[in-house]
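These notes are about the structure you will find just below.
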Amino acid sequence: MTLLVTGGAGFIGSNFVLDWLAQSDERVLNLDALTYAGNLRNLASLAADARHVFVQGDIGNRALVDRLLAEHRPRAIVHFAAESHVDRSILGPGAFIQTNVQGTFTLLEAARAYWSTLAEAERAAFRFLHVSTDEVYGNLAAGAPAFTEQHAYEPNSPYSASKAASDHLVRAWHHTYGLPVLTTNCSNNYGPYQFPEKLIPLVITHALAGKPMPVYGDGMQVRDWLYVGDHCSALRAVLAAGRVGQTYNIGGWNEQPNIEIVQTICALLDELRPSAAGPYARLVTYVKDRPGHDRRYAIDARKIERELGWRPAETFASGIRKTVQWVLDHAGWVAEVQSGSYRDWVAVNYDQR
Ligand code: NAD
Ligand code: DAU
């Protein structure tokens with residue numbers, strides 16, 4: 001059996017593929033366009049593993065997706081591929097509409113065409129798992145109850161609007177065509193292989209380089225942080241036993257203001273890699289706020305716990321320590337990403353094959 005994973009060279013996708021193949025012998029067909037965020041170095045340990053088949057390509061390329069579905073006959077699609085960074089969506093929303101909306105539409109149409117050719121038992125077992133975000137729910141007032149699956153969609157950034165649009169398409173393809181879909185809406189992830197444009201890896205790498213750690217606005221925006229391995233285990237649970245057509249919120253039960261996250265990272269670095277120049281907190285620098293910045297997100301993850309028995313395994317204390325240590329242990333990965341040379345890995349590893 002085969003899973004088609006889209007965006008499997010990105011942060012969460014590569015963690016998912018690595019975790020999947022550590023626990024199962026089911027093949028993974030990994031379709032990823034290798035945008036700036038896709039890094040095959042993340043999957044270097046699978047280079048000689050026949051269970052992992054990598055294809056560089058765009059989810060918006062219908063002919064390619066049709067061919068891959070016909071050739072590999074996956075029993076499920078796990079759809080991570082997206083433009084994922086809010087700040088980039090503010091500077092250039094076009095790519096977000098193209099991949100997150102148009103790309104998801106193309107993937108859904110290809111999946112529907114393929115699914116309709118399957119024998120009855122395979123049709124019933126097929127799943128399209130759409131990996132989405134808590135940002136579709138918009139801003140949560142201080143003290144308001146955390147987002148449940150019933151919360152109204154109120155996206156506020158080009159990124160979250162494009163993800164909300166994709167969620168609506170996925171829902172409609174189930175209600176109209178019967179495609180067996182599952183949607184997950186997860187909170188902020190952190191952990192190994194996160195591109196250092198996002199808060200946690202950016203702050204760690206800036207601190208180690210002695211550069212200012214930029215905190216937007218007053219630093220009191222609240223996010224609900226989840227270790228990436230816990231997101232992956234939640235996705236496996238939803239894929240295995242989620243009810244078709246349902247959405248599941250995934251979160252860490254760990255709301256914290258950004259400035260506290262930054263202070264925790266500084267304290268860990270002071271312990272693990274003390275700087276001769278003094279405590280890392282000296283580098284904290286408040287900068288102009290993000291336009292339209294949502295003040296608070298928080299996930300009510302009781303449905304997935306009740307129905308599927310999932311809860312995060314990591315606490316924030318254990319997850320952030322692992323993450324800081326991972327960055328310290330992977331200076332080469334960080335340097336390659338920062339220099340752009342991680343892109344050479346494709347030529348090194350694949351051009352000779
Ligand atoms: P990422 O930016 O690290 O990775 C995205 C991957 O998708 C990259 O490998 C990129 O090359 C690939 N990609 C982009 N456009 C493509 C296209 N047109 N065709 C094929 N591949 C393409 O993102 P991430 O943080 O790993 O997020 C993965 C998914 O999870 C996204 O859908 C995101 O919305 C969702 N999500 C992320 C978080 C988070 O905190 N990072 C939280 C909740 C949900
Ligand atoms: O909530 C889930 C979402 O989390 C995912 O859907 C997105 O793909 C993912 O990028 C993330 O979005 P955020 O905008 O919350 O993540 P980011 O790491 O960019 O920012 C986290 C918080 O930190 C946010 O309030 C903005 C702030 N921030 C971010 C950066 C990059 C700073 O204060 N300084 C920074 O330099």
Side-chain angles (χ1 to χ4, degrees), residues 5-17 30-40 42-43 55-61 64-65 78-90 95-96 98-100 102-104 106-107 130-137 147 155 157 159-160 162-163 166-167 184-191 193-203 206 212-226 228 231-232 234-235 249-252 256-259 261-262 284-290 292-299:
V5 172
T6 72
F11 162 48
I12 305 172
S14 59
N15 275 282
F16 180 85
V17 170
N30 186 348
L31 173 63
D32 194 299
L34 297 183
T35 68
Y36 78 94
N39 184 351
L40 276 180
N42 304 357
L43 300 165
V55 176
Q56 181 173 3
D58 195 319
I59 55 165
N61 180 342
L64 171 66
V65 179
V78 185
H79 177 33
F80 294 96
E83 290 292 337
S84 69
H85 190 36
V86 174
D87 293 318
R88 285 182 192 259
S89 83
I90 295 167
F96 289 70
Q98 198 54 43
T99 286
N100 301 0
Q102 187 70 33
T104 299
T106 303
L107 191 66
H130 176 59
V131 180
S132 192
T133 171
D134 60 358
E135 300 205 10
V136 298
Y137 299 124
F147 300 131
S157 72
Y159 164 69
S160 55
S162 68
K163 290 296 290 188
S166 69
D167 293 8
T184 54
N185 295 92
C186 186
S187 62
N188 285 63
N189 284 214
Y190 66 98
Y193 303 116
Q194 188 165 29
F195 199 84
E197 62 184 355
K198 307 281 167 65
L199 179 70
I200 287 181
L202 183 119
V203 161
H206 276 220
M213 294 184 274
V215 174
Y216 295 165
D218 63 1
M220 290 306 291
Q221 301 83 7
V222 171
R223 298 290 184 267
D224 175 355
W225 294 94
L226 179 70
V228 64
H231 188 184
C232 294
L235 293 173
N249 283 355
I250 304 170
Q256 287 193 57
N258 294 335
I259 189 62
I261 300 290
V262 173
V284 171
T285 307
Y286 288 89
V287 299
K288 193 163 175 264
D289 208 351
R290 173 186 278 174
H293 199 173
D294 285 332
R295 199 75 184 153
R296 176 178 170 232
Y297 305 136
I299 280 284

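Remember, it's 1-based here, ligands and their atoms both numbered in the order they're listed.
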Ligand 1 N/O within reach of [X] N/O, cut-off under 3.5 Å:
X: T99; result: yes
X: C186; result: no
X: S132; result: no
X: F11; result: yes
X: G60; result: no
X: H231; result: no

Nearest-option assignment for [atom], heavy atoms, candidates [options]:
atom: atom 20 (O) of ligand 2; options: K198, R290, R88, R223; value: R290
atom: atom 36 (O) of ligand 2; options: P214, G10, A37; value: P214
atom: atom 17 (C) of ligand 1; options: N15, D58, N30; value: D58
atom: atom 22 (C) of ligand 2; options: V131, T285, N258, D294; value: N258
atom: atom 27 (O) of ligand 1; options: N100, I12, T133; value: I12

side-chain hydrogen bond (donor to acceptor under 3.5 Å, both in side chains) partner of S132, the single match among D167, T184, N249: D167
Tell me: protein heavy atom nearest [atom], and distance?
atom: atom 32 (O) of ligand 1; value: K163 NZ, 2.7 Å
atom: atom 13 (P) of ligand 2; value: E135 OE2, 3.4 Å
atom: atom 11 (C) of ligand 2; value: N188 ND2, 3.4 Å
atom: atom 40 (O) of ligand 1; value: N189 N, 2.9 Å
atom: atom 7 (C) of ligand 2; value: S84 O, 3.4 Å
atom: atom 29 (C) of ligand 2; value: Y216 CE1, 3.5 Å

Structural part of Y297 in contact with ligand 1, heavy atom criterion under 4.0 angstrom: neither
Pair R295-D218, salt bridge (charged side-chain N to carboxylate O under 4.0 Å, His left out): steps then yes or no: CA-CA 10 Å; R295 199 75 184 153; D218 63 1; 2.7 Å; yes
Atom indices of ligand 1, in the order listed, that fall short of 4.0 Å to a heavy atom of S84: 1 (P), 2 (O), 23 (O), 25 (O)
